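Here's the structure we're looking at; comments come further down.
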Amino acid sequence: MADRSFREATSRERPHQSAADRVLASALVPFLVELSPEQRLRLVRTDPRYRSWALAESLIEESQHAIWSGQPERCEDSAEIAVLVTEHLSESTLGRSALNDVKARAQGCLGNALRTRADFTGAERCFAEARLLLGQGSGDPLESAWLTGLEASLLTARGYLDEAIDLLKTVLPVYDALNEPELRARSEIQMAQALAHGSRDSEAIALLTRAEQVIDRGAEPRLFLFARHSRAVALCHAGRTHEALLLLDSSRDLYLQFPDPWSQLRLRWLEARIAAGLGRTQEAEAMLGRLWTAAFERGLRFEVALISLDLAAIYIQLGRYLEAGQLAGRLISLFESWGVHRRAIQAWVILEHALIAETATVELVRQIAAYVRRGWRNPEIPLPKESPAPVR
């Protein structure tokens, strides 16, 4: 997502860009993304239009936007091209400190793209390079705070939730001192995501409510929608389904602004959660079945796992333990074929055994879901202590 508030806050450190520069850069981005790495390199080396600050920033914004619209490949491609462009920018034109700032931003953006596909080692390498570049940059505290936010997202993705929250707390005074309430709100949204992954839904709801009050809905509709959507999901998890429904009904115009498949999948999943929370189990089952197929076809493995757990909870409520157990068994085989780490698979083995014995509860499903949100990508995250893993 294009970070409008960050771009505006740091504009004093950046070279002047004419409207024509920005228009040309925006037009070049989709063309570059479709080229091979060799073709991109040749263009950047030989054509000065592809060596501009405006193009580097447009590529960074395109990469961020692709994350939020569920396009991981485009996210990484745009970030890689941004790194390429910044490597060919002129220090004599931009100045060394400004050049190192934008190089750091491109490296951070690439690290964030790698984080989305669970290349944590690659992400850490990019963030380390970005830190080195910032050490030779302008010293703008906003640049460092922006990178800190990306590093916190990596910690959240790896399941280190308390560490992510503690890291994000360090940037709040920076935004307060510089009177940047929208940037503070972004960090609070990130904190809320980590809290929600740790099943601390009430704390997440409070943070998201405060963030919504700060974000300019007209200027930042996608960010506002993300905050509101996250709050509705947290309300569902907290058992406050009627509040989630009211929030959804007041937000439908926002969802209409973003017809991309990823945003619509989030909307349908929220509707299914609300239906389940209101006791409309058959409706929820049908909706989750369609969502499962859509997520599977798009290769959204993490989402497939969580939607399957929502389905398992519905089956348990309906007393259909055999069907739920068969679903768990199929998922275990699927996860093994995907190369999911053994501890994550073991969580499903726990559920499968409980379903076969007809002792599984919705609470057990919630425990497994909480583990999956934290440990899906990280074998170091322990399984719930109260659920010893059976031998399979």
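In this text the structure is predicted, and so the values were computed from the model without any measurement.
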### Query
Among all residues two or more places apart in sequence or in another chain, which pass the salt bridge (charged side-chain N to carboxylate O under 4.0 Å, His left out) test with Arg210?
Glu188
Output a table of donor-acceptor pairs, distance under 3.5 Å, between side-chain atoms of residues 32-41 and any protein atom two or more places apart or on a different chain; print 'none' if there are none.
residue: Ser36; atom: OG; partner: Glu38; partner atom: OE1; Å: 3.4
residue: Ser36; atom: OG; partner: Gln39; partner atom: N; Å: 3.2
residue: Ser36; atom: OG; partner: Gln39; partner atom: OE1; Å: 3.2
residue: Gln39; atom: OE1; partner: Ser36; partner atom: N; Å: 2.9
residue: Arg40; atom: NE; partner: Leu32; partner atom: O; Å: 3.1
residue: Arg40; atom: NE; partner: Leu35; partner atom: O; Å: 3.1
residue: Arg40; atom: NH2; partner: Val33; partner atom: O; Å: 3.0
residue: Arg40; atom: NH2; partner: Leu35; partner atom: O; Å: 3.1

### Query
Is a donor on one side and an acceptor on the other found under 3.5 Å between the side chain of Asp119 and the backbone of Leu114?
no
### Query
Any donor-acceptor pair under 3.5 Å linking the side chain of Thr359 with the backbone of Leu355?
no
### Query
More than 12 foreign heavy atoms under 6.0 Å from CZ of Arg280: is that the case here?
yes
### Message
Is it true that Tyr160 and Glu380 share a donor-acceptor pair across their side chains at a distance under 3.5 Å?
### Response
yes
### Query
Mind checking what makes side chain to side chain contact (heavy atoms under 4.5 Å, CB included) contact with Asp201, not counting sequence neighbours?
Ala196, Ala234, His237, Ala238
### Query
With the threshold set at 4.0 Å, does a side-chain nitrogen-carboxylate oxygen contact exist between Asp101 and Arg96?
no
### Query
Does Leu133 have any side chain to side chain contact (heavy atoms under 4.5 Å, CB included) partners at least two apart in sequence or in another chain, and if so, which?
Asn100, Lys103, Ala104, Gln107, Glu129
### Task
Supply the atom-to-atom distance Leu55 CG to His88 NE2, rounded to the nearest 0.5 angstrom.
12.5 Å
### Query
Does Ile205 reach the side chain of Arg240, with side-chain heavy atoms less than 4.5 Å apart?
yes
### Query
Which pairs count as salt bridge (charged side-chain N to carboxylate O under 4.0 Å, His left out) when at least one residue sits in residues 75-93, sequence neighbours excluded?
Glu76-Arg117
### Message
Can you confirm whether Tyr175 sits close enough to Leu142 that some side-chain heavy atom of one is under 4.5 Å from a side-chain heavy atom of the other?
### Response
yes
### Query
Which pair of heavy atoms, one from Ile67 and one from Cys75, lies closest together, and at what distance?
CG1-SG, 3.1 Å
#### Entry: ring-ring contact (aromatic ring centres under 6.0 Å, His included): pairs with one or both residues in residues 307-342, sequence neighbours excluded
Phe335-Trp338, Phe335-Trp348, Phe335-Trp376
### Query
For Arg131 and Glu151, which heavy atoms make the closest approach, and how far apart are they?
NH2-OE1, 3.1 Å
### Task
Quick one: which residue pairs count as a salt bridge (charged side-chain N to carboxylate O under 4.0 Å, His left out) with a foot in residues 166-175, not counting sequence neighbours?
none
### Task
Please identify each residue that fulfils salt bridge (charged side-chain N to carboxylate O under 4.0 Å, His left out) with Arg290, with sequence neighbours left out.
none
### Task
May I ask you to test the Arg217-Leu254 pair for a side-chain heavy-atom distance under 4.5 Å?
yes
### Task
For the residue pair Trp269 and Asp310, establish whether any side-chain heavy-atom pair is separated by less than 4.5 Å.
yes
### Query
Looking at Arg115 and Ala157, what are the two nearest heavy atoms and their distance?
CD-CB, 3.7 Å
### Query
Atom CD of Glu143 and atom CG of Leu147: how far apart are they, to the nearest 0.5 Å?
9.5 Å
### Task
Name all residues meeting the salt bridge (charged side-chain N to carboxylate O under 4.0 Å, His left out) criterion together with Arg49; count only those two or more places apart in sequence or in a different chain, and write none if there are none.
Asp47
### Message
Set out, in order, the CA-CA distance, both residues' side-chain angles and the distance that settles salt bridge (Lys or Arg N to Asp or Glu O under 4.0 Å) for Glu220 and Arg186, then state yes or no.
### Response
CA-CA 11 Å; Glu220 297 270 24; Arg186 288 174 178 273; 2.8 Å; yes
### Query
Who passes ring pair (Phe, Tyr, Trp, His ring centres under 6.0 Å) against Phe31, sequence neighbours left out?
none
### Message
Any salt bridge linking Asp260 with Arg266? Criterion: basic side-chain nitrogen under 4.0 Å from a carboxylate oxygen.
### Response
no
### Residues forming a side chain to side chain contact (heavy atoms under 4.5 Å, CB included) with Pro173, sequence neighbours excluded
none
### Message
For a quick test of reading the model, state the closest non-hydrogen atom pair linking Ala25 to Ser58 and the distance between them.
### Response
CB-OG, 3.5 Å
### Query
Quick one: does NZ or CZ of Arg377 land under 6.0 Å from the six-membered ring centre of Phe120, within 45 degrees of the ring axis?
no
### Query
Is there a donor-acceptor pair closer than 3.5 Å between any side-chain N or O of Ser26 and the backbone N or O of Arg22?
yes
### Message
If you count heavy atoms of other groups shown closer than 6.0 angstrom to CD of Gln282, is the number above 12?
### Response
no
### Query
Looking at residues at least two apart in the chain, or sitting in another chain, which of them share a salt bridge (charged side-chain N to carboxylate O under 4.0 Å, His left out) with Arg268?
Glu271
### Message
Can you give me the closest heavy-atom contact between Trp292 and Ser308, atom names plus distance?
### Response
NE1-OG, 2.7 Å
### Message
How long is the straight-line distance from CG of Leu223 back to CD1 of Ile215, given to the nearest 0.5 Å?
### Response
4.0 Å
### Query
Below 4.5 Å, heavy atoms only, C-beta onward: do His229 and Leu247 meet side chain to side chain?
no
### Query
Under 4.5 Å between any side-chain heavy atoms of Leu300 and Trp262, yes or no?
yes
### Task
Taking all heavy atoms of Pro259 and all of Gln264, pick out the closest pair and write down the distance.
O-CG, 3.7 Å
### Task
Starting from the C-alpha separation in whole Å, work towards a yes-or-no answer on side chain to side chain donor-acceptor pair (under 3.5 Å) for Gln193 and Ser230.
CA-CA 8 Å; Gln193 288 296 106; Ser230 298; 3.1 Å; yes
### Query
Under the 3.5 angstrom rule, does the side chain of Arg51 hit a backbone N or O of Val44 as a donor-acceptor pair?
yes
